[in-house]
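In what follows, a structure is listed as structure tokens, so that the remarks can point back to it.
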Amino acid sequence: FSPSVLGTREHWDAAYERELQTFQDIGDTGEIWFGEESMVRIIRWLERHKVPLDSSVLDIGTGNGVLLVELAKSGYMNLTGIDYSPSAIQLSEKVREKEGMSNIKLKVEDFLAPSAELSGFDICIDKGTFDAISLDPSDAVGKRKLYVASLCRVLKPEGFFLITSCNWTKEELLNEFREGFEILEELPTPKFCFGGRIGNSVTALVFQRK
């Protein structure tokens, strides 16, 4: 990938400061990465596989925290969201407050250097965070490896990892997460046709930690 400001903390701090101001001004929670159908897709998978409602869930790079709110509305009780941008966590706290979901835990954390208490999760979810790390202008390859190592550290053995990406194909993600994880399922995503070839603009996969 070409390095991009989308891979920098400065970009996301500025973006979430703007979204925080907008929320305070007009109550708009901001952008939902990959759209609402991406959240529905995740929740349906959890429900279809009868994942217990008290399972511990970590949203990696939670942003505005809207996914956690939707999970809480679906009955999930043990929810944690992390983001390395303090402005994102401020925004997600305000969204949590507005929705009355006081049981959602939120904290400023850099997933590439997780604190010791960030461990033992049954489910980890990523919507776009691995994508952003992949665009980091400084050592994206090394940071992707750190991400996989962190995931192994925070996710329980046999725990589930649900990733949604617009930068990576299924085959590429299988290669990135080949150490420590096995593919369980590819989730259906919108398809597009270009030049007679059909493809997916978004890839959504479920892995299980070995």
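Start at 1 with the first residue, then count along the sequence.
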### Task
For the residue pair Leu71 and Leu46, establish whether any side-chain heavy-atom pair is separated by less than 4.5 Å.
yes
## Note on the structure
Heavy-atom nearest pair, Tyr76 first then Pro52, reads CE2-O, 3.7 Å
### Task
Using distance alone, with no hydrogens and no angle criterion, decide if Lys94 and Asn64 have a side-chain donor and acceptor under 3.5 Å apart.
no
### Query
Just wondering, more than 12 heavy atoms not from Arg153 lying within 6.0 Å of its CZ?
yes
#### Entry: Salt-bridge present (Arg209, Glu158; N to O < 4.0 Å)
no
### Message
Does any part of the side chain of Glu70, heavy atoms only, come nearer than 4.5 Å to the side chain of Glu36, both counted from C-beta?
### Response
no
### Query
Hey, what's the ring geometry for Trp45 with Phe160, parallel, tilted or perpendicular (30° and 60° as the breaks)?
perpendicular
### Query
Counting N and O atoms only, with roles assigned by atom type, does the side chain of Ser55 sit under 3.5 Å from a partner on the main chain of Val51, one being a donor and the other an acceptor?
no
### Message
Within the 4.5 Å heavy-atom criterion, are Ile42 and Lys127 side-chain neighbours or not?
### Response
yes
### Query
Does some side-chain heavy atom of Asn78 sit less than 4.5 Å from a side-chain heavy atom of Lys105?
yes
### Minimum heavy-atom distance Ile43-Ser74, with the two atoms named
CG2-OG, 3.5 Å
### Query
Between Thr189 and Thr203, is there a donor-acceptor pair closer than 3.5 Å when you use the side chain of the first and the backbone of the second?
no
#### Entry: Straight-line distance of Leu106 CG to Gln90 CD, nearest 0.5 Å
11.5 Å
### Query
Under 4.0 Å between a Lys/Arg side-chain N and an Asp/Glu carboxylate O for Lys107 and Glu117?
yes
### Query
Under a 4.5 Å cut-off applied to non-hydrogen side-chain atoms, are Cys152 and Phe181 in contact?
yes
### Query
Got a second to check how far Ser115's OG is from Asp110's CG, nearest 0.5 Å?
10.5 Å
### Task
Give a yes-or-no answer on whether the side chains of Asp131 and Ser165 include a donor-acceptor pair shorter than 3.5 Å.
yes
### Query
Is the Tyr147 to Phe111 ring centre distance short of 6.0 Å?
yes
### Exercise: identify the closest heavy-atom pair between Val108 and Pro86
CG2-CA, 3.9 Å
### Message
Return the OG1 to CG distance between Thr164 and Leu67, rounded to the nearest 0.5 Å.
### Response
9.0 Å
### Message
Using modelled atom types and a 3.5 Å cut-off, is there a donor and acceptor pairing between side-chain atoms of Thr129 and backbone atoms of Asp126?
### Response
no
### Task
Please test Val95 against Val69 for side chain to side chain contact (heavy atoms under 4.5 Å, CB included), starting from the C-alpha separation and ending with a verdict.
CA-CA 8 Å; Val95 172; Val69 168; 4.1 Å; yes
### Query
In Å and rounded to the nearest 0.5 Å, what is the CG to CG distance from Leu162 to Leu205?
9.5 Å
### Query
Side chains of Glu99 and Lys73: closer than 4.5 Å at any heavy-atom pair?
yes
## Note on the structure
Shortest non-hydrogen pair, Asn175 vs Arg178, comes out as O-NH1, 2.5 Å
### Query
Minimum heavy-atom separation for Ser56 to Phe121, with atom names?
OG-CA, 3.3 Å
#### Entry: Atom pair CD/NZ of Glu176 and Lys145 - distance to nearest 0.5 Å
9.0 Å
### Summary
Tested for side-chain contact (heavy atoms from CB on, under 4.5 Å) against Leu58, the lone hit among Thr80, Ile123, Leu79, Leu151 is Thr80
#### Entry: Under 3.5 Å donor-acceptor, Arg41 side chain and Pro188 backbone
yes
#### Entry: Salt bridge Arg44-Glu37, side-chain N to carboxylate O under 4.0 Å
no
### Message
Please check if the number of heavy atoms outside Lys50 that lie under 6.0 Å from its NZ is greater than 12.
### Response
no
### Message
Apply side chain to side chain contact (heavy atoms under 4.5 Å, CB included) to residues Arg96 and Ser102 and explain how you reach the verdict.
### Response
CA-CA 7 Å; Arg96 173 184 68 181; Ser102 57; 5.7 Å; no
### Message
Testing the 3.5 Å rule here: is there a donor-acceptor pair between the side chains of Ser138 and Lys143?
### Response
yes
### Message
Measuring centre to centre across the rings, with the benzene-like ring taken for any Trp, is Phe177 within less than 6.0 Å of Phe130?
### Response
yes
### Test item: side-chain donor near acceptor, Asp83 and Thr62, under 3.5 Å
no
## Note on the structure
Closest heavy-atom pair, Ser150 versus Ala113, reported as atoms and distance to 0.1 Å, is OG-N, 4.5 Å
### Query
Below 4.5 Å, heavy atoms only, C-beta onward: do Asn167 and Leu135 meet side chain to side chain?
yes
### Task
Indicate yes or no: at least one non-hydrogen side-chain atom of Ile125 is less than 4.5 angstrom from one of Phe161.
no
### Pairwise distance CG(Leu68) to CE(Met101) - rounded to 0.5 angstrom
10.5 Å
